[in-house]
Amino acid sequence: MTTRILLYSDEPILAKGLESVLRQVEGFELLPTCCTVSGVMEQVALGAPDLVLMDLTPEVTFAVLSEMKHAMMSCKIVLWVNSISTELAFQAMGLGVRGILRKTLPTDLQVKCLQKVQAGELWFEKALTDSFLCARRVSLTQREGQLVSLLSQGLKNKEIATTLMISEGTVKVYLSRLFQKVGVKDRFELALFGLKNLTTGQLPVNEKGQRGAVPGLRSLVLERPSDPRPEPAVRFPIPMRPLARY
């Protein structure tokens, strides 16, 4: 059975090298390579690929991955990376990304990864899965999550208070508690943690100029130092209980 593969990368020379390898694999059919996310979406609209290999370019954010996964429910996504943070990898897995493949792996392993994912397995390196176990999850209340979301979007205390319909003094109390809970020293660091975990963009503004429903974070995933040495990939048979979405 033929596997239709769509490759997205903004590095044409690198993409050509992988194309030449994949074209020689029996059972693989390569669709025209895309260099933009919009090109990927257009290609998907023309005919759904079985598997999308996504280069982790600056254009690919968690929000973009979420939108793409929603538009490509029937296809499997594998991220093609030089490196990836624990937070993004964790969230990508929660979205249903089936594998994270390092560009520096030997070509035979890259091919094997795609074959295994197409066969229904997950592909994540042991060092990456170990880092998930080393990550510390901080659970937030709904109000705390809303506050971190707004803070991450650059709102000042007065603006946060107006949006959440609470007093500015209450905002200061929440922030003081959050600094201790998350383990940061100021609002800038708290905003950074929020940005790493935020799954929505700017708040919508209605016709009266007011902000709409406030998105909230349910938790923050804080990375702890882990052993960076590369390890063999770990493959999990399906079914596997999906990770909670943010």
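In this text, all values refer to a predicted model and were calculated from it rather than measured experimentally.
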*Answer with yes or no whether the side chains of Ser149 and Ser152 bring together a donor and an acceptor at under 3.5 Å.*
no
*Taking NZ, NE, NH1 and NH2 as the nitrogens, is one of them in Glu29 or Arg23 under 4.0 Å from a carboxylate oxygen of the other?*
no
_Residue of the set Asp50, Thr3, Ile5 for which side chain to side chain contact (heavy atoms under 4.5 Å, CB included) holds with Leu114_ = Ile5
_Quick check: closest heavy atoms across Gln110 and Lys103, and the distance to 0.1 Å?_
NE2-O, 2.9 Å
_Do Leu101 and Val81 have side chains that approach each other closer than 4.5 Å (heavy atoms only, starting at C-beta)?_
no
_Take a 6.0 Å sphere around CZ of Arg177 and say whether it holds more than 12 heavy atoms from other residues, nucleotides or ligands._
no
*Go through the steps to decide whether Leu53 and Leu6 satisfy the test side chain to side chain contact (heavy atoms under 4.5 Å, CB included), and finish with yes or no.*
CA-CA 6 Å; Leu53 183 57; Leu6 176 61; over 6 Å; no
*Can you measure from NZ (Lys112) to CH2 (Trp123) and round to the nearest 0.5 angstrom?*
5.5 Å
*Where do Arg98 and Ile77 land on the side chain to side chain contact (heavy atoms under 4.5 Å, CB included) test, with the steps shown first?*
CA-CA 6 Å; Arg98 310 304 290 271; Ile77 297 178; 6.0 Å; no
*Locate the shortest heavy-atom distance separating Ala15 from Thr33; write the atom from each residue and the value.*
CB-CG2, 4.2 Å
*Measure the NZ-CD distance between Lys16 and Glu11 for me, rounded to the nearest 0.5 Å.*
14.5 Å
*Any chance you could measure Asp55, atom CG, to Leu79, atom CG, to the nearest 0.5 Å?*
9.5 Å
*asked:* Let's go through Ile160 and Lys156 carefully: what are the C-alpha distance in whole Å and the side-chain angles of both, what is the deciding distance for side chain to side chain contact (heavy atoms under 4.5 Å, CB included) to 0.1 Å, and is it a yes or a no?
replied: CA-CA 6 Å; Ile160 293 174; Lys156 298 178 180 178; over 6 Å; no
*Check for a donor-acceptor pair, side chain of Thr162 on one end and backbone N or O of Lys158 on the other, with a separation under 3.5 Å.*
yes
*Atom OH of Tyr174 and atom CG of Leu147: how far apart are they, to the nearest 0.5 Å?*
8.0 Å
*Any Leu14 side-chain heavy atom under 4.5 Å of Leu18 side chain*: no
*Sequence neighbours excluded, which residues qualify as side chain to side chain donor-acceptor pair (under 3.5 Å) partners of Asn157?*
Arg187
*Does CG in Leu46 sit with more than 12 non-hydrogen atoms of other residues, nucleotides or ligands closer than 6.0 Å?*
yes
*Could you check if a side-chain atom of Leu140 sits within less than 4.5 angstrom of a side-chain atom of Leu178, using non-hydrogen atoms only?*
yes
*asked:* Let me check something: do Trp80 and Leu109 share a hydrophobic cluster, defined by ILVMFWY side-chain heavy atoms less than 4.5 Å apart, either directly or through other members?
replied: yes
*asked:* Any heavy-atom pair between the side chains of Leu51 and Val117 that's under 4.5 Å?
replied: yes
*Can you tell me how far the CD atom of Glu168 sits from the NZ atom of Lys172, to the nearest 0.5 Å?*
5.0 Å
*Test side chain to side chain contact (heavy atoms under 4.5 Å, CB included) on Val78 and Met54 and set out the steps.*
CA-CA 6 Å; Val78 173; Met54 292 283 301; over 6 Å; no
_Taking the basic N atoms (NZ, or NE/NH1/NH2) and the acidic carboxylate oxygens, is any pair closer than 4.0 Å for Lys76 and Glu121?_
no
*Examine the side chains of Tyr8 and Thr36 and answer whether a donor and an acceptor come within less than 3.5 Å of each other.*
no
*Do Val21 and Phe28 belong to the same hydrophobic cluster, where Ile, Leu, Val, Met, Phe, Trp and Tyr are linked whenever their side-chain heavy atoms lie under 4.5 Å apart, directly or via other members?*
yes
*asked:* For a quick test of reading the model, state the closest non-hydrogen atom pair linking Leu175 to Leu151 and the distance between them.
replied: CD2-CD2, 4.0 Å
*Between Ser176 and Val173, is there a donor-acceptor pair closer than 3.5 Å when you use the side chain of the first and the backbone of the second?*
no
*How long is the gap from CG on Leu56 to CZ on Arg102, to the nearest 0.5 Å?*
14.0 Å
*Do Pro32 and Gln43 come within less than 4.5 Å of each other through their side chains, counting heavy atoms only?*
yes
*asked:* Quick one, Val64 and Glu59 - any side-chain contact, counting heavy atoms below 4.5 Å?
replied: no
*asked:* Hydrogens and angles aside, do Arg143 and Thr141 bring a side-chain donor and acceptor to less than 3.5 Å of each other?
replied: no
*Should Glu19 and Leu7 count as side-chain neighbours, where that means a heavy-atom distance under 4.5 Å?*
yes
*Provide the closest heavy-atom pair for Pro49 versus Cys75 in the form atom of the first, atom of the second, distance.*
O-CB, 3.1 Å
*Looking at side-chain heavy atoms only, is the closest gap between Pro58 and Asp10 below 4.5 Å?*
yes
